[in-house]
Amino acid sequence: MSYQILIDSCGDLSQGMRENPRIEMVPLRIQVGKKEYIDDEKINCREMLEDIASSPNMPLSSCPSPSQFVDALDKEADRIYVITGSSALSGSYNSACLAKKMWQEEKRGKNGQRICVIDSRNASAGEMLIARQIIQWENKGMPMENIKKRIQAYIKKMKTRFVLEDLTMLERSGRLTGLKAKLADTFHICPILCSTREGTISQTGQARGIKRALASMIRHIEEDGKENEISAMVISHCFQEKMALEVKRKLKKIFPGIPILLVETGGIASMYAGRGGIIVAYA
């Protein structure tokens with residue numbers, strides 16, 4: 001009995017997960033002016049961010065088509081889990097649901113093959129955290145029906161907090177305009193944000209400078225750990241490895257017994273978080 005995990009590129013993966021034959025990433029596309037980037041393992045995020053900085057236009061992303069999801073399915077797998085970015089922020093979830101319907105209607109593959117489409121209500125490090133948990137449950141031989149129930153409870157428990165140093169996307173999306181944008185840039189204001197249960201993003205605070213913002217984020221995570229037990233964390237960073245390692249070191253002192261994984265952001269997370277962004281997902 002075999003399984004497969006499909007994850008859209010709203011999520012970030014460690015190198016080990018990228019090399020895992022059971023895991024397949026389905027890429028989104030990013031349009032910067034007339035230039036298109038495919039968000040796969042070959043994407044040059046540094047070049048993409050430079051293009052975004054020099055372009056007067058808002059970059060655009062497009063989710064995978066249903067046929068892309070169908071093509072990525074392992075036709076020999078008994079169980080398939082499809083993890084997508086939050087349905088409140090991306091069309092990937094709806095596209096994956098259509099792919100599941102197409103597959104079932106065409107009756108392709110083995111009889112009894114089961115597909116579970118998961119709205120992560122998250123992205124980046126959060127999607128990797130979900131994939132990691134599914135692997136653990138599968139390795140224990142847990143039935144798929146049990147995993148489906150558990151994963152919904154796991155997603156409700158999950159939190160993702162992040163700090164942005166580059167305000168380009170906030171400004172261009174209209175969330176930070178005019179005088180506020182200029183003041184934020186002048187005084188090096190870094191917003192502190194958090195995922196919501198609905199899969200949207202809310203700002204929980206701000207601080208002057210990245211170090212103060214990260215210290216505030218770490219305090220929030222510590223408080224969350226007092227209310228609910230945390231068993232694992234994933235930290236994604238966008239060209240901010242030194243600071244991300246420092247965040248990991250401080251979190252390890254607070255939560256010495258839990259695994260904390262460090263990964264680089266892919267194209268979509270890099271586009272929205274910007275250079276210097278740090279994202280922490282935990283449950």
Side-chain angles (χ1 to χ4, degrees), residues 1-13 17-18 20 22-31 38-40 60-135 137-138 142-158 160 195-201 266-269 271-272 281 283:
M1 297 286 282
S2 62
Y3 71 92
Q4 180 195 33
I5 296 174
L6 292 185
I7 182 168
D8 71 5
S9 67
C10 291
D12 298 322
L13 292 177
M17 279 192 165
R18 288 183 181 275
N20 187 331
R22 295 185 185 275
I23 300 176
E24 181 80 17
M25 181 168 271
V26 185
L28 280 79
R29 294 173 182 269
I30 300 167
Q31 191 77 31
I38 299 173
D39 190 14
D40 57 16
L60 302 172
S61 62
S62 57
C63 67
S65 67
S67 61
Q68 281 179 270
F69 279 109
V70 170
D71 290 343
L73 293 175
D74 179 352
K75 312 309 186 286
E76 300 301 317
D78 299 294
R79 302 172 302 285
I80 297 175
Y81 305 89
V82 185
I83 306 170
T84 74
S86 172
S87 61
L89 303 173
S90 168
S92 278
Y93 176 72
N94 287 336
S95 187
C97 287
L98 285 171
K100 176 182 177 180
K101 186 177 180 182
M102 286 167 58
W103 179 260
Q104 290 171 334
E105 288 177 350
E106 291 174 14
K107 296 181 180 178
R108 295 162 63 184
K110 298 193 297 183
N111 290 333
Q113 185 183 60
R114 291 170 291 170
I115 302 174
C116 174
V117 181
I118 300 163
D119 179 356
S120 72
R121 300 181 191 174
N122 230 288
S124 186
E127 288 187 61
M128 177 175 158
L129 198 62
I130 294 169
R132 178 183 179 277
Q133 188 59 62
I134 290 172
I135 291 170
W137 286 330
E138 276 284 347
M142 191 176 292
M144 187 179 196
E145 289 307 311
N146 287 9
I147 292 176
K148 286 165 67 174
K149 291 176 183 177
R150 282 176 175 250
I151 207 64
Q152 292 308 315
Y154 191 79
I155 290 171
K156 287 180 181 179
K157 177 187 173 186
M158 274 180 57
T160 300
S195 62
T196 68
R197 285 194 173 187
E198 294 74 32
T200 58
I201 297 169
I268 291 293
M271 181 180 82
Y272 285 105

Checklist entry - Is a donor on one side and an acceptor on the other found under 3.5 Å between the side chain of Asp39 and the backbone of Pro27? => result no
Item to check | Closest non-hydrogen atom pair, Ile115 against Met144 | outcome: C-CE, 4.2 Å
Checklist entry - Any idea which heavy atoms bring Ser92 and Leu28 closest together, and the distance? => result OG-CD1, 4.0 Å
Checklist entry - If you measure from CZ on Arg197 to NZ on Lys156, what distance do you get to the nearest 0.5 Å? => result 7.5 Å
Checklist entry - Excluding sequence neighbours, so at least two apart, what forms salt bridge (Lys or Arg N to Asp or Glu O under 4.0 Å) with Lys148? => result Glu145
Item to check | Check: Ile5 and Asn20 side chains under 4.5 Å, non-hydrogen atoms | outcome: no
Checklist outcome for this item: Residue set satisfying side-chain contact (heavy atoms from CB on, under 4.5 Å) with Asn94, at least two apart, ordered chain then number -> none
Checklist entry - Can you check side chain to side chain contact (heavy atoms under 4.5 Å, CB included) on Tyr3 and Trp137, steps first, answer last? => result CA-CA 11 Å; Tyr3 71 92; Trp137 286 330; over 6 Å; no
Checklist entry - Rounded to the nearest 0.5 Å, how far apart are CD1 of Ile30 and OH of Tyr272? => result 8.5 Å
Checklist outcome for this item: Residues passing the side-chain contact (heavy atoms from CB on, under 4.5 Å) test with Ala123, sequence neighbours excluded, are Cys10, Glu127
Checklist entry - Shortest non-hydrogen contact from Ala99 to Phe69? => result CB-CB, 3.5 Å
Checklist entry - Could you state the interatomic distance from CG (Asp8) to OG (Ser95), rounded to the nearest 0.5 Å? => result 9.5 Å
Checklist entry - Quick one: are Lys75 and Trp103 in side-chain contact, heavy atoms under 4.5 Å? => result yes
Item to check | Lys/Arg-Asp/Glu bridge criterion (N-O < 4.0 Å) met for Glu138, Arg79 | outcome: yes
Checklist entry - Counting only N and O atoms by type, is there a donor-acceptor contact under 3.5 Å from the side chain of Glu24 to the main-chain atoms of Ala72? => result no
Checklist entry - Which heavy atom of Ile268 sits nearest a heavy atom of Ser61, and at what distance? => result CD1-CB, 3.7 Å
Checklist entry - Where is the tightest heavy-atom contact between Thr84 and Ala96, given as atom of each residue plus distance? => result CG2-CB, 3.9 Å
Item to check | Any residue meeting side-chain hydrogen bond (donor to acceptor under 3.5 Å, both in side chains) with Glu198, in chain and number order, not counting sequence neighbours | outcome: Thr196
Item to check | Interatomic spacing from CG in Leu89 to OG in Ser195 - rounded to 0.5 Å | outcome: 10.0 Å
Item to check | Trace of the side chain to side chain contact (heavy atoms under 4.5 Å, CB included) decision for Ile23 with Ile135 | outcome: CA-CA 10 Å; Ile23 300 176; Ile135 291 170; 3.8 Å; yes
Checklist entry - Considering residues at least two apart in sequence or located in another chain, which fulfil the side-chain hydrogen bond (donor to acceptor under 3.5 Å, both in side chains) criterion with Ser86? => result none
Next on the checklist: Which residues pass the side-chain hydrogen bond (donor to acceptor under 3.5 Å, both in side chains) test with Ser62, not counting sequence neighbours?
Outcome noted: none
Checklist outcome for this item: Sorted by chain and number, sequence neighbours left out, side-chain hydrogen bond (donor to acceptor under 3.5 Å, both in side chains) with Thr160 holds for Asn122
Next on the checklist: Other residues, nucleotides and ligands only: do more than 12 of their heavy atoms fall within 6.0 Å of NZ on Lys157?
Outcome noted: yes
Item to check | Atom of Leu98, atom of Pro66 and distance for their closest heavy-atom approach | outcome: CB-CG, 3.8 Å
Item to check | Distance in Å, Leu6 CG paired with Gln68 CD, rounded so as to fall on 0.5 Å steps | outcome: 11.5 Å
Item to check | Met158 and Ile130: CA distance, side-chain angles, deciding distance, side chain to side chain contact (heavy atoms under 4.5 Å, CB included) verdict | outcome: CA-CA 9 Å; Met158 274 180 57; Ile130 294 169; 3.5 Å; yes
Item to check | Qualifying residues under side-chain contact (heavy atoms from CB on, under 4.5 Å), relative to Arg18, sequence neighbours excluded | outcome: Leu13, Gln15, Met25, Glu41
Checklist outcome for this item: By salt bridge (Lys or Arg N to Asp or Glu O under 4.0 Å), Arg29 pairs with (sequence neighbours left out) Glu36
Next on the checklist: Can you confirm whether Ile83 sits close enough to Ile134 that some side-chain heavy atom of one is under 4.5 Å from a side-chain heavy atom of the other?
Outcome noted: yes
Checklist outcome for this item: Residue set satisfying side-chain contact (heavy atoms from CB on, under 4.5 Å) with Ser67, at least two apart, ordered chain then number -> Ser65
Checklist entry - Once you round to the nearest 0.5 Å, how far does CD1 of Ile7 lie from CG of Asp12? => result 8.0 Å
